[in-house]
Amino acid sequence: MYHLKNVFNARVWLAAAAVVLSVTMQAPAQAVATVSFYSVSNTNAANVTAGAAQLFVDVTDPAGTHNVLFTFRNSGPVASSIGEIYFDDGSLLAQSIITNMTSGGFTNFTGPGATPGNLPAGNNASPAFNALAQFSSDAQGNPSNGVNPGESFSILYTLQGTQDYSDVIAELQDGRLRIGLHVRAFQPGNGSESFVNLPLSVAAIPEPSTIAFFGLGTLLLWHRSRKRITGR
C-alpha cells in the first residue's frame with residue numbers, strides 16, 4: 001500500500017512539474033521595465049506631486065527583434081493629459097516611428113515632430129534636455145486627445161545598428177537616453193507641467209525560463225516538506 005502511495009505521489013509531482021513547464025515556456029519572451037518621472041518645471045506643487053505619482057512609461061522588448069516599445073501611461077486619478085512626448089537621444093533610437101497604438105478614450109498622436117519643438121522648461125534639467133524632432137510626438141487638437149487618466153499610448157522604435165533592449169535599459173539607467181513629457185490640463189486650474197524620467201532602477205521582468213525554474217523549485221520544496229511531515 002505504501003509503495004502504491006509513493007508511486008501515486010511521484011506521478012502527481014511530475015504532472016504538476018509538467019504543467020509549470022508547459023505554461024511558462026509558452027509565455028512570450030518579453031521583458032518589461034517601468035520608468036517614472038520628476039518635474040523640471042515646478043509651476044504648481046499639487047500638479048508636480050500628481051504627475052510624479054501617476055505618469056509612467058513601460059519599456060518592452062518584442063522578442064527576437066531590434067525594436068523597443070514605449071508605452072506611455074497616465075494612471076490618474078488627477079485629471080491631466082500627456083500632450084507632448086520627447087526623447088533626448090542621439091545614438092540609440094533609429095530615425096523613424098514604425099507604428100503607434102492607443103488604448104482608451106480619444107487619444108490621438110502624430111509624429112515625428114511636436115510643437116513646441118523642445119520640452120518646455122527642459123533647460124531646468126541637468127544636463128539641459130535637448131529633444132530631437134524625429135523622436136517626438138504630440139496630441140492633435142483638444143488637450144483631451146492626449147493621454148488622460150486610464151489611457152495609454154505606445155510608440156514602437158527600431159534601434160540603430162546591432163543595439164538591442166539591453167542597450168536601451170543601460171542608457172535609461174545612466175541617463176544617456178531620457179524621456180520628456182509635457183502634461184496639460186491639470187485640474188483644477190488647467191495648469192501644465194514638464195517631466196523628465198528618473199534614472200531606471202527597476203529590474204526587467206524575468207524571462208519565462210527563469211519563471212519555470214522558480215516554479216519547479218517551489219514544487220520541489222513542497223514535495224520535500226510533505227515527505228518530512230508524513231514520513232513518506
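All of these numbers come straight from a predicted model, not from anything done at the bench.
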Novice: Do Leu132 and Tyr86 share a hydrophobic cluster (ILVMFWY, side-chain heavy atoms under 4.5 Å, transitive)?
Specialist: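 Result: no, two separate clusters.
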Novice: State whether the side chain of Ser39 and the backbone N or O of Ser41 hold a donor-acceptor pair below 3.5 Å, judged by distance alone.
Specialist: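 Checked: pair present.
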Novice: Once rounded to the nearest 0.5 Å, what's the spacing between atom CG of Asn44 and atom OG1 of Thr49?
Specialist: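 So the gap between those two atoms works out to 8.5 Å.
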Novice: Drop me the distance from Arg184's CZ to Asn145's CG, to the nearest 0.5 angstrom.
Specialist: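 Arg184 atom CZ to Asn145 atom CG measures 12.0 Å (nearest 0.5 Å).
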Novice: Hey, does Thr43 have a side-chain heavy atom less than 4.5 Å from the side chain of Phe186?
Specialist: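 Counting from C-beta outward, Phe186 and Thr43 never come under 4.5 Å.
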Novice: Would you say Asn148's side chain and Gly146's backbone share a donor-acceptor pair under 3.5 angstrom?
Specialist: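 Answer holds: yes.
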Novice: Would you confirm whether Gln54, through its side chain, and Val78, through its main-chain N or O, come within 3.5 Å as a donor-acceptor pair?
Specialist: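 Judged by distance alone, yes, a pair lies under 3.5 Å.
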Novice: Which heavy atom of His66 sits nearest a heavy atom of Thr162, and at what distance?
Specialist: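 So the minimum-distance heavy-atom pair works out to CE1-O, 3.5 Å.
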Novice: Throw together a table of side-chain donor-acceptor distances under 3.5 angstrom for residues 112-127, partners on residues two or more places apart or in other chains.
Specialist:
| residue | atom | partner | partner atom | Å |
| --- | --- | --- | --- | --- |
| Asn118 | OD1 | Ala131 | N | 2.9 |
| Asn118 | ND2 | Phe129 | O | 3.1 |
| Asn124 | ND2 | Val40 | O | 2.8 |

Novice: Where do Pro149 and Pro77 come nearest, in terms of heavy atoms and distance?
Specialist: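 Heavy-atom minimum between the residues: CG-O, 4.4 Å.
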Novice: Could you tell me the separation between the CZ atom of Phe70 and the OG atom of Ser137, rounded to the nearest 0.5 Å?
Specialist: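 Separation between the atoms: 13.0 Å.
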Novice: Is there a side-chain contact between Ile179 and Leu172 (heavy atoms, below 4.5 Å)?
Specialist: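 Of all side-chain heavy-atom pairs linking Leu172 with Ile179, at least one is under 4.5 Å.
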Novice: Ignoring hydrogens and angles, state whether a donor on the side chain of Ser80 or Asn74 is under 3.5 Å from an acceptor on the partner side chain.
Specialist: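 The criterion, which ignores hydrogens and geometry beyond distance, is satisfied for Asn74 and Ser80.
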Novice: Could you tell me which non-hydrogen atom of Ile85 sits nearest to which non-hydrogen atom of Phe109, and how far apart they are?
Specialist: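 Of all heavy-atom pairs spanning Ile85 and Phe109, the closest is CD1-CE2, 3.8 Å.
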Novice: Hydrophobic cluster membership, with links at side-chain heavy-atom distances under 4.5 Å among I/L/V/M/F/W/Y: are Val57 and Val147 in one?
Specialist: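 Both belong to a single hydrophobic cluster.
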Novice: Kindly give the heavy-atom pair with the smallest separation between Gly191 and Asn47, and that separation in Å.
Specialist: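 Looking at all heavy atoms of both residues, the shortest contact is CA-ND2, 4.2 Å.
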Novice: Please say yes or no: joined through hydrophobic side-chain contacts below 4.5 Å, possibly via intermediate residues, are Leu181 and Leu177 part of one cluster?
Specialist: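 Hydrophobic grouping puts Leu181 with Leu177.
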Novice: Same cluster for Phe56 and Tyr165 if Ile/Leu/Val/Met/Phe/Trp/Tyr side chains link at under 4.5 Å?
Specialist: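 As far as the 4.5 Å side-chain criterion goes, Tyr165 and Phe56 are not connected within one cluster.
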Novice: Calculate, to the nearest 0.5 Å, the distance between atoms OG and NE2 belonging to Ser194 and His182 respectively.
Specialist: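 Between atom OG of Ser194 and atom NE2 of His182 there are 4.5 Å.
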Novice: Taking the side chain as C-beta and beyond, is there a heavy-atom pair between Leu92 and Tyr157 under 4.5 Å?
Specialist: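 Contact flag for Leu92/Tyr157 side chains = no.
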Novice: Please report the interatomic distance CZ(Phe135) to CD1(Ile155), rounded to the nearest 0.5 Å.
Specialist: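 Result: 11.0 Å between the selected atoms.
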Novice: Would you say Phe153 and Val35 are hydrophobically clustered, going by side-chain heavy atoms of ILVMFWY under 4.5 Å?
Specialist: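 Yes, because Phe153 and Val35 connect within a single hydrophobic cluster, where side-chain heavy atoms sit under 4.5 Å apart.
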Novice: Any side-chain heavy atom of Asp89 sitting closer than 4.5 Å to one from Glu171?
Specialist: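 Heavy-atom side-chain distance check passes, below 4.5 Å.
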Novice: Might you point out which heavy atoms bring Phe37 and Leu55 nearest each other, and give the distance in Å?
Specialist: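 Minimum heavy-atom contact is CD1-O, 3.6 Å.
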Novice: Can you give me the closest heavy-atom contact between Arg178 and Ala128, atom names plus distance?
Specialist: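 Of all heavy-atom pairs spanning Arg178 and Ala128, the closest is NH2-O, 3.0 Å.
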Novice: Under a 4.5 Å cut-off applied to non-hydrogen side-chain atoms, are Leu159 and Leu93 in contact?
Specialist: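 Sidechains of Leu93 and Leu159: in contact.
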Novice: Please report the interatomic distance OG(Ser136) to CD(Glu84), rounded to the nearest 0.5 Å.
Specialist: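 The distance works out to 9.5 Å.
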Novice: Do Asp58 and Thr34 have side-chain N/O donor and acceptor atoms under 3.5 Å apart?
Specialist: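 Yes.
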